[in-house]
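Before any comments, here is the structure.
Values in this document were obtained by computation on a predicted structure and should not be read as measured data.
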Amino acid sequence: MTHTLNEGTGGLTKHAVFALYNSCGWTNYTKDADNLMKAILNSTYVVTCRKGDELLALARCVSDDVSICYLQDILVNPAHQRKGIGRKLLENCLERFAHCRTQVILTDDEERQRLFYESLGFKNTKTLDRVSLNCYVRMSGMKLE
């Protein structure tokens, strides 16, 4: 059976979402499965990759649909990584919000992630020379240092 890409949240179950986030080690999200589902359902745009009933990957965006698109989550079950699924999901998100001036994602400081996002045109603000741009964050319940 081949995998399919789906826009929207139709057919997403809490069980499938929970299993995907856990498979990727995103346990801060799975501490409260109800809030995780609420966050996904309240997202501006969601695209998934499924194989039958199995949720292989998910990307979601929050946006004002004019000036900014924040890529909130993009995750692929580790058993299905390195097959172009994450790239396809992100390309769908970028196409959907191509009219927005800014697309932003916060991510871990890992080489694989840097290479992936840079291959799709993203720049790390800490490496910019010609544009003076900073990213500031606050995270509830977490001391940032």
- Can you list every pair that meets side-chain hydrogen bond (donor to acceptor under 3.5 Å, both in side chains) and has a residue in residues 37-50, with sequence neighbours left out? Glu7-Tyr45, Ser43-Arg60, Thr48-Arg50
- Item | Pairs touching residues 9-19 that satisfy side-chain hydrogen bond (donor to acceptor under 3.5 Å, both in side chains), sequence neighbours left out | Lys14-Asp34
- Query: Do Thr127 and Asn124 have side-chain atoms, one donor and one acceptor, less than 3.5 Å apart?
  - Reply: no
- Message: Quick check on Asp109: does its CG atom have over 12 non-hydrogen neighbours (other residues, nucleotides or ligands) under 6.0 Å away?
- Response: no
- Message: With a 4.5 Å cut-off on side-chain heavy-atom distances among I, L, V, M, F, W and Y, is there a chain of contacts connecting Val137 to Val104?
- Response: yes
- Could you grab the distance from atom CZ of Phe116 to atom CD1 of Ile74, nearest 0.5 Å is fine? 4.5 Å
Without placing hydrogens or testing angles, list every side-chain donor-acceptor pair under 3.5 Å for residues 78-86, not counting sequence neighbours.
| residue | atom | partner | partner atom | Å |
| --- | --- | --- | --- | --- |
| Gln81 | OE1 | Arg112 | NH2 | 3.4 |
| Gln81 | NE2 | Val76 | O | 2.8 |
| Lys83 | NZ | Ala79 | O | 3.4 |

- Query: Between Phe18 and Leu55, is there a shared hydrophobic cluster once you connect ILVMFWY residues whose side-chain heavy atoms come closer than 4.5 Å?
  - Reply: no
- Query: If Ile, Leu, Val, Met, Phe, Trp and Tyr residues are connected whenever their side-chain heavy atoms lie under 4.5 Å apart, and connections chain through other members, are Leu75 and Met37 in the same group?
  - Reply: yes
- Query: Which pairs pass ring pair (Phe, Tyr, Trp, His ring centres under 6.0 Å) with one or both residues in residues 22-44, sequence neighbours excluded?
  - Reply: Tyr21-Trp26, Tyr21-Tyr29, Trp26-Tyr29
- Rounded distance [0.5 Å steps], CG in Leu36 versus CG in Leu41: 9.5 Å
- Does anything in residues 113-123 pair up under salt bridge (Lys or Arg N to Asp or Glu O under 4.0 Å), and if so which pairs, sequence neighbours excluded? Glu111-Arg114, Arg114-Glu118
- Query: Taking a hydrophobic cluster as the set of Ile, Leu, Val, Met, Phe, Trp and Tyr residues connected by side-chain heavy atoms closer than 4.5 Å, whether directly or through intermediates, do Val17 and Val46 fall within one such cluster?
  - Reply: yes
- Query: Looking at CD of Gln72 and OG of Ser63, how far apart are the two atoms once the value is rounded to the nearest 0.5 Å?
  - Reply: 13.0 Å
Donor-acceptor list for residues 89-96 side chains, cut-off 3.5 Å, not counting sequence neighbours:
| residue | atom | partner | partner atom | Å |
| --- | --- | --- | --- | --- |
| Arg96 | NH1 | Asp65 | OD1 | 2.9 |
| Arg96 | NH2 | Asp65 | OD2 | 3.1 |

- Thr27 side chain reached by Asn22 side chain, heavy atoms, under 4.5 Å: yes
- Message: I need the Ile105 CD1 to Cys69 SG distance, nearest 0.5 Å.
- Response: 9.5 Å
- How far does CZ of Phe97 sit from CG of Asp64, to the nearest 0.5 angstrom? 9.0 Å
- Tyr117 vs Leu71, side-chain contact (heavy atoms from CB on, under 4.5 Å): CA-CA, chis, key distance, verdict: CA-CA 11 Å; Tyr117 291 111; Leu71 299 154; 5.7 Å; no
